[in-house]
Amino acid sequence: MSTPTETPLAPPDPAPAAPQLRRSSRNKVIGGVCGGLGRYCDLDPVIFRIALGVLSVTGGLGLVFYGFAWLIVPVEGEDENEARRLLTGRVEGAALVAVLMALAGCGIFLTMLRNGSVMTFAVLLALLLAGAAAWSQRRSTTPADTPLDPVAAQAVADAPPETKAPPAPSPPSWWRDPIVKDGTTGPVPGGYLWGPAEADTPPVSKATRKAAKAAVRASRGPRPIGGLIFLTALLAFGAGFGGAWDHQPLGTGLQIGFAAALGVFALGLMLSSFLGRTGFGTVFLAVLTAALLAGSAALPKSIDSHWARTDWTPAAISDVRPGYHLGTGVGTLDLSRIAVPPGQTVTTGAEVGAGKAKVVVPKDVTVKVSFDMGLGDVRLPGEKPDDIHVTPGEKRTATLAPPAGAKPAGTLELHLKVGVGQVEVDRAAS
């Protein structure tokens, strides 16, 4: 009596592969980024659309993320993304819109850096959206743990290997079985596989050569125009900045110049889809120009384009003005000649956009000074000249008592403000 044989159980079906991140070609409003993220993270795409819309208007992060995601993530059914097409000179409408969107987002983001509350809200919203997407993706891709029965697992392990078909014969190769003219393979009767032409080869005419050269030029694609775009943008920056040099602050002149250059880059990217091709260098210069434009907008309007040295030397209290202003340069306010009676207070100030503001105070007065520094260093009496501490956004006050043995005198209040540079307070020797 034969014992019944147990039929080995079939191995369990493999877990389905995780979905790849691709832009959706059906569920899309602009570029299909939110539709692809919704399918990849198993979330409603409307959640991503609302969150990215809020991030776009608050701090520009939504435009930056959407633009770069549009460039980097390929659409479903394709392996090549828009960034690769852009780098190879194939500028299309989708890549152009994505680049302009990212540039606009970078500009908004850089201009909103000083708004702490808005940036905090944008960062918290971005972290919340990223956490929800990661949790949803992990929840949807975690496989169910179903352990196999030990008997079934042993049966699967003892099962014979699967029979495979023999490999298909490899195609003939020129170095193993060269192909002759009739399509068969066999030994080469002699001569070169390639090399010098035979003696009876007819000469090639000039028309044939010209046609061959034209075909080669056509195969290379459109001519690159990135150098011409860069030169035109440089000329546009020089014209805009030079035109505003005499009658506009330095920051406004830089904004005009960079805006003109950015306009040339945008127009060049648009024209490159019809007249030629551009590469990564043009896109990088456009992004850099947008960043410089945002940075120039943050410069204080008190900085002008003319460097000057100015000395203010009032001889009496009646000559002291409420404030002294200088755009760019070195301004020295010498108050050593004035005499402040005891119990009296004299208030004045100095403002320099970029450069140095130096104030010389009388020897016997009490000085109450307040500093408002955009980016620079503050030097008080008794500090070493090489002791420099550059601190951005420094605002503080200090009280300088008269030296020991000085006769009683009044109080001098100073309000000093410098956008970029240095403030120095010194006490007169006598």
Side-chain angles (χ1 to χ4, degrees), residues 12-106 108-109 122 125-144 219 221-222 266 269-274 276-284 286-287 290:
D13 296 333
Q20 293 183 343
L21 180 58
R22 292 290 187 271
R23 290 187 290 116
S24 176
S25 60
R26 297 181 299 272
N27 186 8
K28 69 176 184 178
V29 176
I30 300 178
V33 174
C34 294
L37 287 174
R39 180 180 56 201
Y40 181 72
C41 300
D42 196 19
L43 280 177
D44 192 341
V46 178
I47 298 177
F48 290 100
R49 293 189 180 112
I50 295 176
L52 291 180
V54 174
L55 290 175
S56 299
V57 298
T58 53
L61 290 176
L63 292 175
V64 175
F65 175 80
Y66 200 98
F68 281 104
W70 195 349
L71 289 173
I72 297 174
V73 179
V75 72
E76 56 183 356
E78 297 182 4
D79 294 331
E80 190 177 30
N81 54 21
E82 299 295 339
R84 185 173 181 180
R85 294 192 183 97
L86 190 64
L87 296 179
T88 55
R90 291 172 290 170
V91 181
E92 299 177 355
L96 181 61
V97 173
V99 170
L100 295 179
M101 186 178 294
L103 289 177
C106 291
I108 297 175
F109 175 74
L125 180 59
L127 293 177
L128 180 63
L129 180 63
W135 173 82
S136 179
Q137 182 191 15
R138 183 176 181 180
R139 175 180 57 84
S140 60
T141 57
T142 302
S219 64
L269 289 174
M270 294 177 61
L271 293 178
S272 62
S273 59
F274 304 100
R277 60 184 177 90
T278 56
F280 176 74
T282 304
V283 179
F284 174 76
V287 175

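Among all heavy-atom pairs drawn from Ser24 and Gly35, the shortest one is CB-C, 3.9 Å. The two residues Gly32 and Tyr66 come nearest to each other via the heavy atoms N-OH, 3.6 Å. Annotation for Ala69 and Val33: closest pair CB-CG1, 3.8 Å, computed over non-hydrogen atoms. Between Arg39 and Glu76 the shortest heavy-atom distance is NH1-OE1, 2.7 Å. Shortest non-hydrogen contact noted between Leu52 and Cys34 is CD1-SG, 3.7 Å.
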Practice item. Determine, step by step, whether Leu63 and Leu55 satisfy the side chain to side chain contact (heavy atoms under 4.5 Å, CB included) criterion, reporting the C-alpha distance in whole Å, the side-chain angles of both residues, the deciding distance to 0.1 Å, and the verdict. Key: CA-CA 8 Å; Leu63 292 175; Leu55 290 175; over 6 Å; no
**Study point:** Ile47 and Leu129: CA distance, side-chain angles, deciding distance, side chain to side chain contact (heavy atoms under 4.5 Å, CB included) verdict
**Key:** CA-CA 9 Å; Ile47 298 177; Leu129 180 63; 4.2 Å; yes
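Between Ser56 and Phe65, every side-chain heavy-atom pair lies at or beyond the 4.5 Å cut-off. Contact check for Phe48 versus Cys41: side-chain heavy atoms found under the 4.5 Å cut-off.
With hydrogens and angles disregarded, a donor-acceptor distance shorter than 3.5 Å links the side chain of Arg23 to the backbone of Val73.
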